[in-house]
Amino acid sequence: MRILGIETSCDETAAAVYDAERGLLAHALHSQVALHAEYGGVVPELASRDHIQKTLPLIRQVLAESGCRPQDITAVAYTAGPGLVGALLVGAAVGHSLAWAWGVPALPVHHMEAHLLAPLLEPDPPAFPFVALLVSGGHTLLVEVSGVGRYRLLGESLDDAAGEAFDKTAKLLGLDYPGGPALERLARQGNPARFDFPRPMTDRPGLDFSFSGLKTHALTTLRAHDDGSAQTRADIACAFQDAVVDTLAIKCERALRATGLQRLVVSGGVSANQRLRERFAEIDDVKVSYPRLEFCTDNAAMIAYTGYRNFAAGLRPDRLAFDVRARWPLNTT
Ligand code: KG4
Ligand code: ZN
């Protein structure tokens with residue numbers, strides 16, 4: 001069984017081929033960072049147009065690299081949401097067209113389920129059940145995972161997602177898009193002892209998050225202390241990052257205690273953050289699994305893999321009509 005995966009939910013176009021016996025055969029990605037950089041963020045219409053140009057060449061590339069002919073493909077998996085509607089439509093239309101032409105099923109994939117399963121592509125994958133922390137640009141979710149398709153939402157962000165908070169704080173510190181990695185680099189020069197930011201919603205029970213206050217805290221700190229120096233900005237970046245990472249870790253510890261589980265999966269763009277990985281290594285008696293760095297952020301390997309796991313579990317969406325969803329709660333079909 002071989003699954004072609006297509007990802008076009010935001011600002012990365014990607015394709016991959018996953019084989020049931022041999023694992024990941026090929027994956028390729030085109031980042032739109034340069035395209036959106038001058039606007040300071042993703043411009044949805046530009047994203048859609050660029051996906052139109054890049055999707056088919058990337059599919060040709062991964063088919064060639066994996067030595068697959070179209071007749072070797074068992075099904076075509078594509079990201080059906082959540083994401084930017086115009087961007088999603090490109091992958092959905094290409095995926096359905098190829099599937100129809102090749103006479104195979106088209107499999108809609110939930111982008112956050114794909115992030116959740118991404119660590120299973122690695123050697124020594126975590127066994128079910130586990131707690132998953134998904135930290136991306138659009139979502140922060142804590143999920144109890146009993147198996148493929150068996151997800152119980154434990155907590156989520158009530159306002160900004162963790163990645164969104166990184167991006168917005170990076171912007172107010174004068175850093176370029178994409179903000180998360182830039183803020184992490186700046187924070188390395190920072191003095192962690194200079195500012196102490198709050199850990200939102202950790203002083204009361206519950207597993208939800210709120211990060212928009214931290215961004216405001218960064219802004220008021222910058223206004224109160226701005227001496228024009230790069231050092232002050234680095235100190236703020238460092239305090240902000242420590243606060244986000246510590247808050248995420250505290251909630252994960254709580255979720256592990258509440259569920260009695262000892263395995264934790266952390267995935268999505270923010271899981272590439274090295275400070276986060278250092279802090280999570282301090283959680284006692286818990287095995288923490290991550291995707292490899294390049295699969296923390298958006299990619300098609302996780303889409304092909306999730307399509308494969310769903311198909312192997314019997315999912316057979318058998319229709320030509322398709323839709324995409326900008327918003328799509330994880331535990332709904
Ligand atoms: O999972 P992802 O690639 O796309 C979405 O599904 O949203 O996540 C992108 C998010 C962005 O907000 C980006 O700033 C953040 O992940 N991110 C990081 C790092 N790398 C990416 N945040 C903090 N530190 C990083 N190293
Ligand atoms: Zn993503």
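Just so it is clear, the model here is predicted, and its values are computed rather than measured. First listed ligand is number 1; within each ligand, the first listed atom is number 1. The figures that follow rest on heavy atoms only: side chains count, while hydrogens, waters and symmetry mates do not.
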Does a salt bridge link [X] with [Y], judged by any charged N lying under 4.0 Å from a carboxylate O?
X: R257; Y: E253; answer: no
X: D167; Y: K171; answer: no
X: D242; Y: R279; answer: no

task: Looking only at N, O or S atoms, find the one in H115 nearest to the Zn ion (ligand 2) and name it.
output: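 Of all N, O or S atoms belonging to H115, NE2 is the one nearest the Zn ion (ligand 2).
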
task: Look at the rings of Y308 and Y305 and say which category their plane angle falls in: under 30° parallel, 30 to 60° tilted, over 60° perpendicular.
output: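 Y308 vs Y305 ring planes: tilted.
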
field: Location of contacts on H111 toward ligand 1, heavy atoms closer than 4.0 Å
entry: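 Only the side chain of H111 comes within reach of ligand 1.
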
message: Applying a heavy-atom cut-off of 4.0 Å, say which part of E12 lies close to ligand 1: side chain, backbone, both or neither.
response: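 For E12, there is no contact with ligand 1 at all, from either part.
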
field: Closest approach of V33 to P178 (non-hydrogen atoms, all atoms of both residues)
entry: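 Closest heavy-atom pair between V33 and P178: CG1-CD, 3.9 Å.
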
At the Zn ion (ligand 2): angle between H111 atom NE2 and D298 atom OD1, to 10 degrees: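 With the Zn ion (ligand 2) as the vertex, NE2 (H111) and OD1 (D298) sit 100° apart.
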
Any N or O on [X] sitting closer than 3.5 Å to an N or O of ligand 1?
X: G180; value: yes
X: G137; value: yes
X: T297; value: no
X: G163; value: yes

Within less than 4.0 angstrom of ligand 1, does [X] place any heavy atom?
X: C10; result: no
X: P178; result: no
X: M112; result: no

Listed partners of D124 passing salt bridge (charged side-chain N to carboxylate O under 4.0 Å, His left out), at least two apart: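 For D124 the salt bridge (charged side-chain N to carboxylate O under 4.0 Å, His left out) partners, ignoring immediate neighbours, are K287.
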
Closest non-hydrogen protein atom to [atom], residue and atom name please, with distance?
atom: atom 14 (O) of ligand 1; result: D167 OD1, 2.6 Å
atom: atom 26 (N) of ligand 1; result: E184 OE1, 2.7 Å
atom: atom 21 (C) of ligand 1; result: G269 O, 3.4 Å

- prompt: Between T232 and D227, is any side-chain donor less than 3.5 angstrom from a side-chain acceptor?
  reply: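 A pair is found: one side chain offers a donor N or O, the other an acceptor, under 3.5 Å apart.
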
message: Quick check: H217 with F240 (ring centres under 6.0 Å apart)?
response: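 Centroid separation for F240 and H217: 6.0 Å or greater.
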
- prompt: Do we get R277 above Y290's six-membered ring, with its NZ or CZ under 6.0 Å from the centre and within 45° of the axis?
  reply: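 Yes, R277 and Y290 form such a contact.
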
field: Pi-cation contact, Y18 with R2 (under 6.0 Å, within 45°)
entry: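 That pair does not qualify as a cation-pi contact.
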
If you count the atoms of ligand 1 from 1 in the order shown, which ones are under 4.0 Å from a heavy atom of [X]?
X: H115; answer: 1 (O), 6 (O)
X: G138; answer: 7 (O)
X: D298; answer: 1 (O), 2 (P), 3 (O), 4 (O), 5 (C), 6 (O)

query: Above 12 or not: heavy atoms from other molecules or residues under 6.0 Å from CD of E122?
result: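 It does: E122 CD has more than 12 such atoms within range.
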
